[in-house]
Amino acid sequence: MEEKSAEFALIDTYFKNLTNQQEVIVGIGDDAAVIASDNLSHWVVAADTLVEAVHFPAEATAEEIASRSLCVNLSDMAAMGAVAKWFILALTLPSEKASDAWLRDFSQSLGSIAAEHNIALIGGDTTAGPLTVSITLIGEVPKGKSLQRCGAKPGDLIFVSGTLGDGAAALDGLKDNKKSAFAQNLRLLKHFYRPQPQTALGKGLRDYASACIDISDGLVSDLGHVCRASGVSAEISTQKLPVHPDLKQVPKQQYLQWALTGGDDYQLCFTIPENKRDDFDAWLSNQDFSVTEIGKITPIHHNRSQVKIDGSALSTANGGYEHFQK
Ligand code: ADP
Ligand code: MG
């Protein structure tokens, strides 16, 4: 048996096989579900919940909470190669936040991100209680073109978008820790509250990638999901990890740990089959994406997926943020 985080074990035990799955193309276990439809596209649906003091600090502004909530959800759509179209907002508000000023800032921020991504708010629910923002996104992907976690094969090359470790560095700066080198880093704060969903990259990857995930829990943890879903292992090299120069103010061991296991990066991690590499490179050279090759997919070892870092094996359950740590 493979070690797994308690959160995923809970989902697998109680929910994964709870219902029949008619007309479900991709069900529980990927970044979003894919549902069959009669037209040329499939529907794609994802939900994410953000809870005060868990997913954002209690000091966060209404504007910041709204942008983070919508952007992290859009990141799951990007990971499927899908384009979001509609969303539903379930808002739980404590009475002190239900002021006109707070709601105006929250709704304006939500509206401006929605306009940027051309998505429409079509419903929701409003209740009183501890501040919790739950968003369900509905999007579309051409039939058979969704990017899933399960398609990686030995020999495929592993890539990530952007830079890694920014989410963890931002959190370090946000913690009640005035000593942090990142306390006033505006780039990192912006990244935390308004991560850039990699929608255009995800869309482009439909023609090239064999597997894709967004990095929300940390590279090792999320690449581990790709490995388990695909029945493969992975080898990555820390030398190749893209780390922003800002992060290099702290010891290398620290920023590498953030890049490997810190969460909240909302970049894409994807695999490209060797025989598509040239076409992918040619396509990429005409685009404006920042993408870095960090390793290779390898065969599974003794029926157990591993992510090897600089040659050392690490259980894929290590690293990443776990909601139900025992
Ligand atoms: P992500 O980090 O990409 O948002 P999660 O780790 O939240 O994904 O969830 C992993 C998978 O489990 C997803 O497919 C998600 O839809 C599913 N899932 C999470 N919680 C539940 C639940 N309570 N019931 C059914 N499916 C769930
Ligand atoms: Mg995801």
Side-chain angles (χ1 to χ4, degrees), residues 11 23-37 39-50 55 65-90 109-124 133-151 159-162 167 191-217 222-223 225-226 229 263-271 287 289-291:
I11 297 165
E23 295 172 75
V24 176
I25 312 286
V26 179
I28 294 173
D30 218 303
D31 290 296
V34 180
I35 306 169
S37 92
N39 50 33
L40 294 174
S41 300
H42 283 146
W43 302 122
V44 183
V45 184
D48 250 313
T49 298
L50 279 76
H55 301 99
I65 295 165
S67 59
R68 179 161 162 79
S69 301
L70 200 45
C71 289
V72 301
N73 235 304
L74 286 161
S75 176
D76 276 326
M77 280 281 143
M80 301 302 289
V83 175
K85 300 197 73 165
W86 303 282
F87 70 109
I88 291 172
L89 168 68
S109 168
L110 205 64
S112 94
I113 306 277
E116 242 174 65
H117 292 270
N118 201 20
I119 55 177
L121 177 62
I122 56 165
V133 183
S134 189
I135 289 178
T136 302
L137 268 184
I138 303 160
E140 273 187 319
V141 71
K143 267 185 187 171
K145 285 286 194 179
S146 65
L147 301 172
Q148 298 171 28
R149 297 178 179 180
C150 62
F159 291 81
V160 291
S161 64
H191 171 84
F192 186 82
Y193 285 118
R194 209 175 164 147
Q196 278 296 311
Q198 298 298 306
T199 312
L201 176 61
K203 223 173 132 183
L205 290 176
R206 288 173 190 162
D207 290 331
Y208 306 103
S210 48
C212 186
I213 191 168
D214 72 321
I215 305 175
S216 55
D217 293 339
D222 289 319
L223 178 56
H225 291 317
V226 168
D264 295 305
D265 280 332
Y266 300 105
Q267 299 295 343
L268 297 183
C269 174
F270 55 94
T271 56
Q287 306 290 323
F289 299 120
S290 146
V291 153

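For the numbers below, each heavy atom of this structure counts, side chains included, while hydrogens, waters and symmetry mates do not. Along the sequence shown, residues are numbered consecutively beginning with 1.
- Judged by distance alone, the side chain of R149 and the main-chain N or O of I213 form no donor-acceptor pair under 3.5 Å.
- The nearest pair of heavy atoms linking D214 to A79 is N-CB, 3.5 Å.
- Here the CD1 atom belonging to I113 is positioned 12.5 Å from the CG atom belonging to N73, to the nearest 0.5 angstrom.
- The minimum heavy-atom distance linking C269 with L223 is given by the pair SG-CD1, 4.0 Å.
- Rounding to the nearest 0.5 Å places CG of D76 at 8.5 Å from CG of L137.
- For D222 (side chain) and S216 (main-chain N/O), a donor-acceptor pair under 3.5 Å exists by modelled atom type.
- The salt bridge (Lys or Arg N to Asp or Glu O under 4.0 Å) check on K85 picks up E140, with sequence neighbours excluded.
- Between A209 and F270 the shortest heavy-atom distance is CB-CB, 4.3 Å.
- At a threshold of 4.5 Å between non-hydrogen side-chain atoms, the residues L70 and F87 count as touching.
- Side chain of S146 to backbone of M80: no donor-acceptor contact under 3.5 angstrom is found.
- Looking at H191, its side chain does come within 3.5 Å of a backbone N or O of D264 through a donor-acceptor pair.
- Nearest approach of Q267 to S161, heavy atoms of both residues: OE1-OG, 2.6 Å.
- Atoms CZ and CG, from F289 and L205 in turn, are 7.5 Å apart once rounded to the nearest 0.5 Å.
- Note: H225 NE2 to I215 CD1 = 11.5 Å, rounded to the nearest 0.5 Å.
- Annotation for N118: atom CG does not count as buried by contact number, only 12 or fewer foreign heavy atoms lying within 6.0 Å.
- Not counting sequence neighbours, F192 has no partner by the ring pair (Phe, Tyr, Trp, His ring centres under 6.0 Å) test.
- L147 and D30 get closest at one heavy-atom pair: O-OD1, 4.4 Å.
- In this structure, D265 and V160 have side chains that are not in contact, with every pair of non-hydrogen atoms separated by 4.5 Å or more.
- V141 and R206 get closest at one heavy-atom pair: CG2-NE, 3.9 Å.
- Expressed to the nearest 0.5 Å, how far NZ of K145 lies from CG of L40 amounts to 13.0 Å.
- Of the possible donor and acceptor atoms, none in the side chain of D217 sits under 3.5 Å from a partner among the backbone N and O of G263.
- Under a 3.5 Å cut-off, the side chain of T136 and the backbone N or O of I88 do not form any donor-acceptor pair.
- Contact check for L50 versus I65: no side-chain heavy atoms found under the 4.5 Å cut-off.
- For Y208, the ring pair (Phe, Tyr, Trp, His ring centres under 6.0 Å) criterion is met by F280, W283, not counting sequence neighbours.
- Here SG of C71 is found 11.5 Å from CG of D48. Values are rounded to the nearest 0.5 Å.
- In this structure a side-chain-to-backbone donor-acceptor pair under 3.5 Å is present from R68 to H55.
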